[in-house]
J.: 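Could you have a look at this structure, given as structure tokens, before my questions?
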Number of protein chains: 2
Amino acid sequence: MSDESARELALLLRRLNVELDAVTARFAELHGLNRTDVRALVAIMDAARRGEALTAGRLGEAVDLRSASVTALVDRLEKVGHLRRTRDAQDRRRVVLEMSDSARVAGHEHFGGLARELTAAMAGYTEDELAVVRRWLEDMTAVITRHSRAQPDGA
Amino acid sequence: MSDESARELALLLRRLNVELDAVTARFAELHGLNRTDVRALVAIMDAARRGEALTAGRLGEAVDLRSASVTALVDRLEKVGHLRRTRDAQDRRRVVLEMSDSARVAGHEHFGGLARELTAAMAGYTEDELAVVRRWLEDMTAVITRHSRAQPDGA
DNA sequence: CGTAATCTCTCGACGATCGAGATAATCGAC
DNA sequence: GTCGATTATCTCGATCGTCGAGAGATTACG
């Protein structure tokens, strides 16, 4: 392969990244949320998919916010009805967060819809082709992950 | 192809998106900038690559900020030496923005380094394989772009 | 028990963004 | 040329998201 092809793909990837961000921004705007709120809802949905219920602290780790900000964040989402606070019965210091049905529906409508469209667009590809794409995505993700984790203490 | 493969690829894409965001966040942290500042520098660099010099107003359109915020943004970047303000000679209302060498070097070091690593990781692929990846990226980008632009007035 | 550790919340401060309006420069009609 | 309308940027005051410090409540452990 040529460096030319590789550079083109890198640029395509960046453009795709920008457009994906726009999808998030659009969802946020439609629902009167900010970027962090959306990231939080996604984190809670992802956790739910894994069968866990996030606590306030875990959510803070997931979206990289301090406890004071998490309190404000949860206040916002609870006020508009996207979230419920519940004291954990086992450990009553903890606050368990549960998404409301309205938030779940909104999320599925927006992001689920996108997932369906993406799936449909992949209908024209053979399994072999998608295997190549998958390998490429995994390789690129590995490189990017390594890059973003490099020399974490500013050495 | 199966829906299973498609869904996996969609998830991989999302993960890649998250990691790319982390690269940006890391660059910002290393240089004491926020996300918007980085997006602004990238926009100015991209424009320079196209042979244009951005004005304050154009930059605001590029990063979706109002003029008051652009003024503050440029103040920040100028204060730390990443940017220079220059009055446009033809139209003296305009403020032309030019990146300093230090910002250019920092950007090339961080993002150029990543680009090199990505290119290297693609060395093991044939041109045919990369052509498949490129077609796939273009298709997915088209779907995502359409999705983020849909029904712009909340219909 | 009692002391330390953990989890969330409150409070005050700071920074990024915005709307409204001010200032300055350009354009267009006459 | 001159004057009003338009364009480009900046100033000011307000709002909102985030944070550090520390308080309050609960649990863990000796």
Side-chain angles (χ1 to χ4, degrees), chain A residues 21-22 24-44 47 52-80 82-98, chain B residues 21-22 24-44 47 52-80 82-98:
Chain A
D21 279 353
T24 300
R26 173 157 178 72
F27 178 79
E29 190 188 358
L30 281 176
H31 293 85
L33 305 172
N34 62 40
R35 246 183 168 61
T36 301
D37 296 347
V38 177
R39 291 208 319 159
L41 288 177
V42 169
I44 294 172
E52 317 167 17
L54 283 191
T55 63
R58 292 290 183 192
L59 176 61
E61 294 170 15
V63 298
D64 193 30
L65 287 180
R66 311 303 133 224
S67 75
S69 310
V70 173
T71 298
L73 163 64
V74 173
D75 282 349
R76 290 196 298 273
L77 292 177
E78 194 176 33
K79 178 176 293 183
V80 297
H82 287 337
L83 221 58
R84 269 194 319 276
R85 273 182 168 98
T86 321
R87 281 279 163 197
D88 187 333
Q90 273 70 43
D91 184 343
R92 295 176 23 78
R93 292 169 301 183
R94 289 198 176 94
V95 166
V96 178
L97 306 173
E98 294 173 72
Chain B
D21 279 354
T24 300
R26 173 159 176 73
F27 178 80
E29 189 189 358
L30 280 176
H31 294 84
L33 305 172
N34 63 39
R35 243 182 171 62
T36 302
D37 296 347
V38 176
R39 293 208 318 158
L41 288 176
V42 169
I44 295 172
E52 317 166 17
L54 282 191
T55 63
R58 293 289 184 193
L59 176 60
E61 294 170 15
V63 298
D64 193 31
L65 286 180
R66 310 303 133 225
S67 75
S69 310
V70 173
T71 299
L73 163 64
V74 174
D75 282 349
R76 290 196 299 271
L77 291 177
E78 195 176 33
K79 178 175 294 182
V80 298
H82 287 338
L83 222 57
R84 269 194 318 276
R85 272 182 169 98
T86 322
R87 282 280 164 197
D88 187 333
Q90 272 71 43
D91 184 344
R92 296 178 21 79
R93 293 169 302 180
R94 289 200 176 91
V95 166
V96 178
L97 306 173
E98 295 173 72

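To find a chain, count down the sequence lines: A is the first, B the second, and so on, and within it residues start at 1.
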J.: Tell me what B/R85 touches on the nucleic acid: a base, only sugar-phosphate, or nothing, going by heavy atoms under 4.0 Å.
T.: sugar-phosphate

J.: Counting distance only, does the side-chain N/O of B/R87 pair as donor-acceptor with the main-chain N or O of B/R92 below 3.5 Å?
T.: yes

J.: Between A/R39 and A/V63, is there a donor-acceptor pair closer than 3.5 Å when you use the side chain of the first and the backbone of the second?
T.: yes

J.: Between A/R85 (side chain) and A/E78 (backbone), is there a donor-acceptor pair under 3.5 Å?
T.: no

J.: Give me the atom names and distance for the closest heavy-atom approach of A/A47 to A/L54.
T.: CB-CG, 3.5 Å

J.: Between P on D/dC10 and CZ on B/R87, what's the gap in Å once rounded to a whole number?
T.: 6 Å

J.: Please identify the 5'-most and 3'-most nucleotides of DNA chain C with any atom under 4.0 angstrom from a heavy atom of chain B.
T.: C/dA16 to C/dT26

J.: Quickly work out the A/L77 CG to D/dT18 P distance and round it to whole Å.
T.: 11 Å

J.: Rounded to whole angstrom units, what separation is found between the CZ atom of B/R94 and the P atom of D/dC10?
T.: 13 Å

J.: For nucleotides 19-30 of chain D, read 5' to 3', which letter fits each nucleotide if B means a protein heavy atom sits under 4.0 Å from the base, S means only the sugar-phosphate is that close, and - means neither?
T.: BB-----BS---

J.: Are A/L59 and A/V74 close enough that some pair of their side-chain heavy atoms sits under 4.5 Å apart?
T.: yes

J.: Do B/L33 and B/H82 make a side-chain contact, defined as non-hydrogen atoms from C-beta onward lying under 4.5 Å apart?
T.: yes

J.: Where the side chain of A/A72 is defined as all heavy atoms beyond and including C-beta, which of D/dT18, D/dC10, D/dG17 is the nearest nucleotide?
T.: D/dT18

J.: Could you state the interatomic distance from CG (B/L83) to CD1 (B/I44), rounded to the nearest 0.5 Å?
T.: 4.5 Å

J.: Please collect all salt bridge (charged side-chain N to carboxylate O under 4.0 Å, His left out) contacts where either partner lies in residues 60-72 of chain B, sequence neighbours excluded, each pair once.
T.: B/R58-B/E61, B/D64-B/R66

